[in-house]
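Quantities reported herein were computed from a predicted structural model and do not represent experimental measurements. Just so we're on the same page: letters track the sequence lines, and every chain starts at 1.
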Protein chains: 2
Amino acid sequence: MYTESIENYLKTIFEIQKETEKVTTNSISEKLGVAPASVTSMMKKLSEKKLITHKRYQGVKLTGPGQKIALEVIRHHRLVELYLAEALGVPWDQVHDEAEKWEHVLSEDLEDRMDKALGYPTRDPHGSPIPSRDGTLIELESIPLVELQPGQSGVIAEVSDHDPDLLRYVGKMGLYPMTRVEVLSVEPFSGPITIKVEDSSHILGSQAAQYVFVTDVEPGRSELT
Amino acid sequence: MYTESIENYLKTIFEIQKETEKVTTNSISEKLGVAPASVTSMMKKLSEKKLITHKRYQGVKLTGPGQKIALEVIRHHRLVELYLAEALGVPWDQVHDEAEKWEHVLSEDLEDRMDKALGYPTRDPHGSPIPSRDGTLIELESIPLVELQPGQSGVIAEVSDHDPDLLRYVGKMGLYPMTRVEVLSVEPFSGPITIKVEDSSHILGSQAAQYVFVTDVEPGRSELT
DNA sequence: ATCATATTTTAGGCATGACTAAAAATAGTG
DNA sequence: CACTATTTTTAGTCATGCCTAAAATATGAT
Ligand SMILES: [Mn+2]
Ligand SMILES: [Mn+2]
Ligand SMILES: [Mn+2]
Ligand SMILES: [Mn+2]
């Protein structure tokens with residue numbers, strides 16, 4: 001077993017790797033809230049353990065074993081998030097912080113028990129895919145809601161779980177995964193958009209709409225002509 | 001919040017305090033599996049934080065605040081044990097080790113949710129009382145099963161959870177809390193005893209019978225004459 | 001290509017919580 | 001009461017994981 005610190009570093013590197021091509025010392029430093037110098041010294045340790053490769057001044061990359069561990073931590077995290085939401089009714093804006101601690105103390109036995117109790121789920125409460133036991137992660141293709149044209153609709157695939165306030169905000173309009181949402185209008189100059197969710201309409205800031213991802217996009221009536 | 005290490009020390013001191021009068025450096029060292037010197041330096045730190053009082057060479061005692069924290073950790077531990085057993089079907093010989101880790105990462109909110117989900121229980125799977133939120137612990141009076149005379153019966157109050165093997169062993173004969181058990185015979189010289197549990201009889205070593213505690217003791221037929 | 005700026009690494013430190021070995025205090029025995 | 005054995009404390013060390021300040025390297029604009 002690795003330390004909580006190492007698990008957090010590997011998970012963070014994996015998450016940055018998913019978004020940007022190069023994983024820099026600075027990006028890890030920011031995401032993890034530690035000083036850049038601390039990251040460098042941890043990178044040295046992870047290199048020695050063959051969990052990452054690190055070329056001085058050139059960024060890092062997970063090795064096979066490193067990625068395996070990262071995916072296991074993420075699996076724990078997302079399973080716990082879903083379990084807390086489903087079994088204990090924890091609101092979806094609170095599950096992330098709890099899971100951040102639990103992911104490191106979840107035994108394989110309990111992982112399996114939760115998995116079973118939840119019916120072998122594939123998505124966490126925010127729509128993110130849960131890696132399978134053997135470390136396979138199936139990303140769903142989705143685009144930010146803010147990119148939809150007026151008249152278009154899509155099904156919420158995923159909502160970023162990085163900010164509890166955002167989750168509460170979009171949750172109040174019913175913007176949960178699997179829900180269909182239609183864009184009624186889009187204000188220019190990155191203005192707010194008007195959306196329809198379950199027969200009621202709301203105004204959504206473009207910032208927030210950056211963090212809501214949809215799939216299954218269908219053209220609206222206007223485009224059908 | 002205190003560190004996991006501090007929480008474990010306080011819990012350990014509380015548990016030793018319950019059994020023996022004086023809490024010595026050595027007893028803490030043994031129960032916690034750390035060197036005596038390490039205990040001394042931690043006692044210094046706990047004294048400074050006013051969580052214990054410590055007279056050099058004379059043992060330690062929890063202060064009010066120290067005991068409060070100890071009871072909170074124990075509450076977490078026992079609630080988690082019960083939750084794992086009830087909600088996830090974890091066998092009673094495994095819940096202790098899991099709870100040992102979880103007790104330190106359980107938020108007050110989740111504590112309350114588990115408490116509610118379990119119907120505000122008062123006993124953990126081994127029969128130990130669960131301290132209330134405000135830090136009240138009601139010990140049930142009980143005696144070791146090994147002290148019962150032939151013909152006497154009692155209701156299992158508590159089984160020591162320190163050894164998983166013991167729990168599996170006595171679990172196989174149905175010796176769970178709330179179960180009535182009758183002592184049929186007692187072999188001399190600390191020999192095994194014969195017991196009847198739910199209409200089937202078993203032989204139980206006296207060592208094991210030391211760790212099973214009964215209450216509600218009733219005299220057998222022979223004594224009624 | 002040079003120079004200023006940003007990024008990354010090195011160097012040196014600190015807190016936590018362990019350890020071993022040695023010294024000090026206590027307790028038990030004749 | 002003295003002496004030995006046990007317990008406890010002190011002293012010194014170490015690993016982990018963080019920090020700041022300074023040096024090294026890379027990047028990007030002129
Ligand atoms: Mn974490
Ligand atoms: Mn999530
Ligand atoms: Mn513990
Ligand atoms: Mn227990």
Worksheet item: Ser190(B): what forms a side-chain hydrogen bond (donor to acceptor under 3.5 Å, both in side chains) with it, not counting sequence neighbours?
Response: none
Fill in: Identified side-chain hydrogen bond (donor to acceptor under 3.5 Å, both in side chains) partner of His76(B) from the options Glu108(B), Glu81(B), Glu103(B)
Glu108(B)
Fill in: Name of the residue among His104(A), His96(A), Glu98(A), Glu72(A) meeting side-chain hydrogen bond (donor to acceptor under 3.5 Å, both in side chains) with His77(A)
His96(A)
Is there a donor-acceptor pair closer than 3.5 Å between any side-chain N or O of [X] and the backbone N or O of [Y]?
X: Glu147(B); Y: Pro144(B); answer: no
X: Thr12(A); Y: Asn8(A); answer: yes
X: Ser206(B); Y: Pro192(B); answer: no
X: Arg113(B); Y: Gly89(A); answer: yes
X: Arg78(B); Y: Pro129(B); answer: yes

Discussion item. Using a strict heavy-atom distance below 4.0 Å, which residues from residues 48-57 of chain B are in contact with DNA chain D?
Written reply: His54(B), Arg56(B), Tyr57(B)
Worksheet item: Does a side-chain N-to-carboxylate-O contact under 4.0 Å join Lys116(A) and Asp112(A)?
Response: no
Worksheet, complete the sentence: Span of DNA chain C engaged by chain A, first through last nucleotide within the 4.0 Å heavy-atom cut-off, is dT7(C) to dT10(C)
Worksheet item: Taking 5' to 3' order, which nucleotide of DNA chain D is first and which is last to have an atom within less than 4.0 Å of a heavy atom in chain A?
Response: dT16(D) to dA26(D)
Practice prompt. Kindly indicate whether the side chain of Val186(B), heavy atoms from C-beta on, has any atom under 4.5 Å from the side chain of Gln149(B).
Written response: no
Discussion item. Regarding Lys44(B), tell me which of base, sugar-phosphate or nothing describes its non-hydrogen contacts under 4.0 Å with the strands shown.
Written reply: nothing
Discussion item. Let's see if you get this right: which residues in residues 32-43 of chain A place a heavy atom under 4.0 Å from DNA chain C?
Written reply: Pro36(A), Ala37(A), Thr40(A)
Worksheet, complete the sentence: So, with a heavy-atom separation below 4.0 Å from DNA chain C, the residues of residues 3-21 of chain B are Thr3(B), Ser5(B), Tyr9(B)
Worksheet item: Are Trp92(B) and His126(B) close enough that their ring centres sit under 6.0 Å apart?
Response: yes
Worksheet item: Which class fits the ring pair Tyr211(A) and His162(A): parallel under 30°, tilted 30 to 60°, perpendicular over 60°?
Response: tilted
Discussion item. So, applying side-chain contact (heavy atoms from CB on, under 4.5 Å) with Ile130(A), which one of Thr122(A), Asp115(A), Leu79(A) is it?
Written reply: Leu79(A)
Fill in: Over 12 non-hydrogen atoms of neighbours within 6.0 angstrom of CD in Glu19(A)
yes
Worksheet item: More than 12 foreign heavy atoms under 6.0 Å from CD1 of Ile143(A): is that the case here?
Response: yes
